[in-house]
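Taking it in order: structure first as structure tokens, then the write-up.
Excluded from the calculations below are hydrogen atoms, water molecules and symmetry mates; all remaining heavy atoms, backbone and side chain alike, are included.
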Amino acid sequence: MTENNKNFAKEDLEEKQIRNLLYDLYFNITTKGYIYVIEGIKLAYNDRELLYPIKNLYIEIGKKYDKNFEEIYRSIAISVDGMNKRIPTDELRSFFHTDYIKVSTKEFLVSIVDYFLDE
């Protein structure tokens, strides 16, 4: 399959799939960051280049919610930090393929997008 055909064959990522994965990763669903993460994953799933530099993704999310990229980043970072505190270390290391006891916001977003792209 050519690269162009591959893009057309890619199924749309459903929000329910993202929500289920975030739940499995002990992500707090009551924060603003949760909504921004879902939006960011959907955007980056459709255009992975938004992840490099990650600021581009925050800017795009901010456009939808009428927020600046710093507000988006802070909300997501707080949410990812909360997940880092709740998720058992062995589960974090297994899913994110790391030896560390926490993941950065960028590592989190890139890993989640890659997870869905590899399905």
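When atom types are taken as modelled, the side chain of E91 and the backbone of P88 share no donor-acceptor pair closer than 3.5 angstrom.
Other residues, nucleotides and ligands contribute more than 12 heavy atoms inside 6.0 Å of the CG atom of D118. At most 12 heavy atoms of other shown residues, nucleotides or ligands fall within 6.0 angstrom of atom OH in Y100. Other residues, nucleotides and ligands contribute more than 12 heavy atoms inside 6.0 Å of the NZ atom of K106. Counted within 6.0 Å of CD on E14, heavy atoms from surrounding residues, nucleotides or ligands total 12 or fewer; the atom is thus considered open.
Considering all non-hydrogen atoms of both residues, I72 and Y58 come closest at CG1-O, 3.8 Å. In plain terms, the two heavy atoms of L51 and V110 that are nearest each other are CD1-CG2, 4.1 Å. When every heavy atom of M83 is checked against every heavy atom of L25, the shortest pair comes out as CG-O, 2.9 Å. Taking every heavy atom of both residues into account, S79 and G33 meet most closely at OG-CA, 3.3 Å.
When side chains are defined from C-beta on, L109 counts as touching L57, because their heavy atoms get closer than 4.5 Å. Side-chain contact between I61 and I76: present, with at least one pair of heavy atoms (C-beta onward) separated by less than 4.5 Å. Proximity of D24 to F95: side-chain heavy atoms (C-beta onward) are nowhere separated by under 4.5 Å. The closest side-chain heavy-atom distance from L92 to I101 is not below 4.5 Å.
Partners of K55 under the side chain to side chain contact (heavy atoms under 4.5 Å, CB included) rule, at least two apart in sequence or in another chain, are I59, F69. Residues satisfying the ring pair (Phe, Tyr, Trp, His ring centres under 6.0 Å) criterion with Y65, sequence neighbours excluded, are Y36. Qualifying side chain to side chain contact (heavy atoms under 4.5 Å, CB included) partners for N28, counting only residues two or more places apart in sequence or in other chains: T30, T31, R86. Listed by chain and residue number, E15, Y34 satisfy the side chain to side chain donor-acceptor pair (under 3.5 Å) test with R19 (two or more places apart in sequence, or in another chain). Checked against side chain to side chain contact (heavy atoms under 4.5 Å, CB included), E49 has the following partners two or more places apart in sequence or in another chain: D47. N20 meets the side chain to side chain contact (heavy atoms under 4.5 Å, CB included) test with K16; sequence neighbours excluded.
Annotation: the span from D99 atom CG to T89 atom OG1 amounts to 12.0 Å, rounded to 0.5 Å. Summarising the geometry, atom NE2 belonging to H97 is positioned 12.0 Å from atom CD belonging to E107; distances are rounded to the nearest 0.5 Å. One distance of note links CZ of F27 with CG of N84; it measures 9.5 Å at 0.5 Å rounding. For the atom pair CG (N46) and CD1 (I41), the distance works out to 12.0 Å, reported to the nearest 0.5 Å. In this structure, K63 NZ and E39 CD are separated by 12.5 Å, a value rounded to the nearest 0.5 Å. Going from atom CD of E71 over to atom CG of D66 covers 9.0 Å, rounded to the nearest 0.5 Å.
Comment: D81 does not engage K102 in a salt bridge, judged by the lack of any side-chain N to carboxylate O separation of less than 4.0 angstrom.
The aromatic rings of F96 and F108 are tilted relative to each other, their planes meeting at an angle between 30° and 60°.
Among I112, L13, I29, I18, the single residue meeting the side chain to side chain contact (heavy atoms under 4.5 Å, CB included) criterion with I38 is I18.
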- Task: Tell me, with the steps shown, if T105 and I54 meet side-chain contact (heavy atoms from CB on, under 4.5 Å).
- Result: CA-CA 9 Å; T105 303; I54 194 78; over 6 Å; no
